[in-house]
2 protein chains.
Amino acid sequence: MGDRTTIYDIAKRLNITAATVSRALSNNSKISKKTRELVFKTAEEMNYRQNKLALALKSGKSNNVGVIVPRIDRNIFSAVIRGIEENLHSEGYQVIICQSHDDEKLEIENIDALINAQVDGIIMSLTLETSEKNKAIKRIVKKGIPLIFFDRKKDIEGVSTVTINDFEGGYKATQHLIDQGCKEIAHLAGDFAIEIYEDRYKGYREALSDNGIEFREEFLIHTSSKVEDGQKATRALLKLKERPDAIFSASDFVALGAIQELRAQGIKIPQDFCVVGFSNEPFTKFMELSMSTIDQSPRDMGKIAANVFLEQVTNNDNVKIQKKVVLAPELLIRDSSSRLPIK
Amino acid sequence: MGDRTTIYDIAKRLNITAATVSRALSNNSKISKKTRELVFKTAEEMNYRQNKLALALKSGKSNNVGVIVPRIDRNIFSAVIRGIEENLHSEGYQVIICQSHDDEKLEIENIDALINAQVDGIIMSLTLETSEKNKAIKRIVKKGIPLIFFDRKKDIEGVSTVTINDFEGGYKATQHLIDQGCKEIAHLAGDFAIEIYEDRYKGYREALSDNGIEFREEFLIHTSSKVEDGQKATRALLKLKERPDAIFSASDFVALGAIQELRAQGIKIPQDFCVVGFSNEPFTKFMELSMSTIDQSPRDMGKIAANVFLEQVTNNDNVKIQKKVVLAPELLIRDSSSRLPIK
DNA sequence: CTGTTAGCGCGTTCAT
DNA sequence: ATGAACGCGCTAACAG
């Protein structure tokens with residue numbers, strides 16, 4: 001039935017010892033060609049498969065890598081995971097996925113479960129940062145488990161990161177709006193407790209400043225990343241005495257809400273108002289009025305994160321590798337902000 | 001450093017035996033309250049964590065469940081996985097994800113890797129069916145590993161399935177188009193080697209037949225699920241002497257291509273032409289002209305698949321459970337097919 | 001109630 | 001070139 005054949009079974013059949021079988025299978029150099037071939041043949045016949053669990057217990061390496069994301073059904077995260085899986089699969093690693101749902105308790109729980117499962121590495125996108133969380137992260141580092149942050153980073157000794165340059169993304173988006181002739185650019189921002197949102201904001205500020213445009217408090221609105229929040233914020237902006245003529249949103253979903261509200265109020269895009277989002281969610285391309293946005297090349301991000309892990313785990317020097325890979329964001333100019341007939 | 005404390009460590013500290021510690025930790029009834037408490041306290045102090053790998057080797061149960069999907073960055077699949085993870089996490093299981101990329105070799109490879117990793121169950125969406133693949137699937141069943149198909153099913157003895165009623169989906173979509181006054185309904189179909197696509201087609205046929213509408217060969221076009229294929233197919237349809245006045249597409253992406261092509265040719269939707277897709281991809285809701293489609297409630301599908309697994313694995317009777325859960329598809333009527341001012 | 005022993009399947013010394 | 005013995009960390013069977 002469900003009985004596996006072990007190296008003992010094939011040893012018995014061949015009247016040799018399990019150790020020999022083990023060695024033959026691992027292509028140990030000092031095994032006679034004859035027995036090696038015999039072992040391989042018999043293993044094949046008996047449909048032998050190495051028991052990963054035994055190997056893992058013995059070696060302390062599970063050949064599993066844990067990935068923690070807020071939620072998997074968000075394009076950027078599933079795309080990253082796709083990249084990770086693709087580059088890890090070929091190296092014999094399997095990917096365990098965990099969702100934190102932006103809940104700190106859950107995230108810590110996931111971390112401990114992964115440590116406990118003896119994963120060989122952890123690749124994660126942080127949610128919020130708290131002291132409790134930092135302890136959990138320290139636990140990973142202390143155990144010597146390679147840890148890589150992507151997207152939502154944080155500078156921690158011994159932790160590698162793969163991110164895009166969010167500052168540059170914010171800067172590019174804003175500069176582009178300015179180039180389109182917009183003067184009064186509002187920013188729909190995420191929670192500044194999360195670094196990436198703060199960075200996008202800083203990029204926005206810098207671009208304004210570099211162009212001699214004054215920043216206005218009332219043009220900065222914090223939102224969660226829901227469509228409705230974009231509508232609400234936009235409604236608020238349009239009620240101001242001095243209205244903005246463009247929005248740079250740190251989230252595509254919020255930008256979508258903004259566009260919906262603008263159209264509902266009969267405002268012409270991009271003639272009278274320009275909008276740029278962030279993340280290149282798939283739907284942005286498919287909208288009738290396609291949305292300009294910043295692409296984060298999430299799949300590459302995943303592939304690179306996987307490679308950083310592999311380097312780290314392969315590296316037998318005692319020197320700790322700590323890589324900081326920063327990808328360049330790409331501005332995708334689409335209908336929602338292109339007044340000039342480019343594209 | 002990375003040294004874990006084991007039950008031996010805490011046994012030594014307490015001058016008792018490891019077995020006692022193990023029993024205390026697992027709340028074995030015949031352990032004195034005193035030692036139990038002592039053990040728990042010391043375990044806490046020494047920051048003990050049960051080694052899952054050792055447990056797995058011992059018990060043969062890894063507490064991992066494998067999930068195989070064609071690709072993870074497709075909304076329906078990531079949504080299913082989200083549901084699976086949510087319902088399995090609380091039961092202490094971890095989810096290993098694999099991508100088949102619709103490549104048979106890769107899929108078989110994944111199956112064997114999962115068996116090999118001693119997963120306690122496998123939840124998967126089949127790609128194509130071949131004899132080679134069937135062997136791999138038989139291997140799973142023979143090992144007694146609970147196996148659950150979702151979305152893309154296949155009737156196999158001992159395998160549970162969680163699907164939506166694709167026939168009904170096809171029927172509903174087509175009937176809806178007829179109700180809108182469409183008479184010449186084309187169908188952009190997927191590969192009939194995959195059951196779900198055949199079922200959607202059958203539903204389409206049945207609806208036509210039930211309404212006394214004759215089926216036309218030239219109105220059936222097979223496509224892959226790419227946007228461009230929808231454009232191409234639509235271009236072909238519009239070249240026919242007798243043009244269709246509606247399209248039911250088995251894929252949202254193909255339906256999108258159709259809409260793009262129709263608009264490019266200046267055809268008014270939904271006045272002159274109606275379109276219904278399938279899957280409720282997120283972008284369908286966000287299009288300027290939102291697209292009617294069939295919702296598959298993928299997250300529920302995942303949750304149910306997880307529950308079926310849990311039932312199966314909990315079930316200690318020797319009776320094999322084999323469940324067939326069929327969810328009802330929901331027709332979402334949106335702009336691309338609603339001529340009546342509903343909604 | 002607790003200790004002793006054994007074994008899950010594998011790789012790895014230490015012998016030979 | 002191969003065998004014997006051991007241990008990874010844990011639980012379970014069998015004492016007592």
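Small disclaimer: the values here were computed from a predicted structure and weren't measured. Each chain gets a letter, A, B and so on, in the order its sequence line appears, and its residues count up from 1.
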In whole angstrom, what separates [X]'s [atom1] from [N]'s [atom2]?
X      : N       : atom1 : atom2 : result
I10(A) : dG3(D)  : CD1   : C1'   : 16 Å
L53(B) : dG9(C)  : CG    : P     : 15 Å
N28(B) : dC10(D) : CG    : C1'   : 14 Å
N51(A) : dC10(C) : CG    : P     : 6 Å
L14(B) : dG3(C)  : CG    : P     : 10 Å
D9(A)  : dC8(C)  : CG    : C1'   : 13 Å
K12(A) : dC10(C) : NZ    : P     : 13 Å
N27(A) : dT2(D)  : CG    : P     : 14 Å

Exercise. Donor-acceptor pair, T17(B) side chain versus T20(B) backbone, under 3.5 Å?
Worked result: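 No, the answer is negative, given that no donor and acceptor are paired below the 3.5 Å cut-off.
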Exercise. Does T5(A) offer a backbone N or O that forms a donor-acceptor pair with the side chain of N47(A) under 3.5 Å?
Worked result: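 No, the answer is negative, given that no donor and acceptor are paired below the 3.5 Å cut-off.
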Exercise. Knowing that exactly one of L327(B), D151(B), V80(B), I164(B) qualifies, which makes a side chain to side chain contact (heavy atoms under 4.5 Å, CB included) with P298(B)?
Worked result: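 Of L327(B), D151(B), V80(B), I164(B), side chain to side chain contact (heavy atoms under 4.5 Å, CB included) with P298(B) is met by V80(B) alone.
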Problem set entry | With Q94(A), the side chain to side chain contact (heavy atoms under 4.5 Å, CB included) member among V65(A), V119(A), N64(A), L88(A) |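 The residue from V65(A), V119(A), N64(A), L88(A) that satisfies side chain to side chain contact (heavy atoms under 4.5 Å, CB included) with Q94(A) turns out to be N64(A).
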For this session: Would you mind listing every salt bridge (Lys or Arg N to Asp or Glu O under 4.0 Å) that reaches into residues 53-78 of chain B, with sequence neighbours excluded?
Result: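 Checked against salt bridge (Lys or Arg N to Asp or Glu O under 4.0 Å) - neighbours excluded - the pairs reaching residues 53-78 of chain B are R82(A)-D73(B), K61(B)-D120(B), R71(B)-D73(B).
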For this session: Output every pair passing salt bridge (Lys or Arg N to Asp or Glu O under 4.0 Å) with a member in residues 15-36 of chain A, not counting sequence neighbours, ordered by first then second residue.
Result: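 Residue pairs passing salt bridge (Lys or Arg N to Asp or Glu O under 4.0 Å), neighbours aside: none found.
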For this session: Indicate for each nucleotide in nucleotides 11-16 of chain C, in 5' to 3' sequence, whether protein heavy atoms under 4.0 Å reach the base (B), only the sugar-phosphate (S), or nothing (-).
Result: BBB---
OP1 or OP2 of [N] less than 4.0 angstrom from a side-chain nitrogen or oxygen of [X], does that happen here?
X      : N      : value
T35(B) : dT2(C) : yes
S32(A) : dT2(D) : yes
T6(B)  : dC8(D) : no

Problem set entry | For F149(B), ring-ring contact (aromatic ring centres under 6.0 Å, His included) partners two or more places apart |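 ring-ring contact (aromatic ring centres under 6.0 Å, His included) list for F149(B), sorted by chain: empty.
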Exercise. Between the two ends of the helix from dC1(C)-dG16(D) to dT16(C)-dA1(D), what is the bend in degrees, rounded to 10 degrees, where each end axis spans five pairs?
Worked result: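 Answer for the end axes of this duplex: 40°.
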For this session: Provide the full list of side-chain hydrogen bond (donor to acceptor under 3.5 Å, both in side chains) pairs with a residue in residues 298-309 of chain A, sequence neighbours left out, each pair given once.
Result: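 As it turns out, the side-chain hydrogen bond (donor to acceptor under 3.5 Å, both in side chains) pairs with a partner in residues 298-309 of chain A, which skip direct neighbours, are E86(A)-R299(A), E86(A)-K303(A), N87(A)-K303(A), N87(A)-N307(A).
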For this session: For K33(B) and for L57(B), locate the closest nucleotide of DNA chain C by heavy-atom distance; then report the residue assigned to the nucleotide nearer the 5' terminus.
Result: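 So the residue in question is K33(B).
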Problem set entry | Carboxylate-amine/guanidinium contact E45(B) K41(B), below 4.0 Å |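 Here E45(B) pairs with K41(B) in a salt bridge, since their nearest N and O are under 4.0 Å apart.
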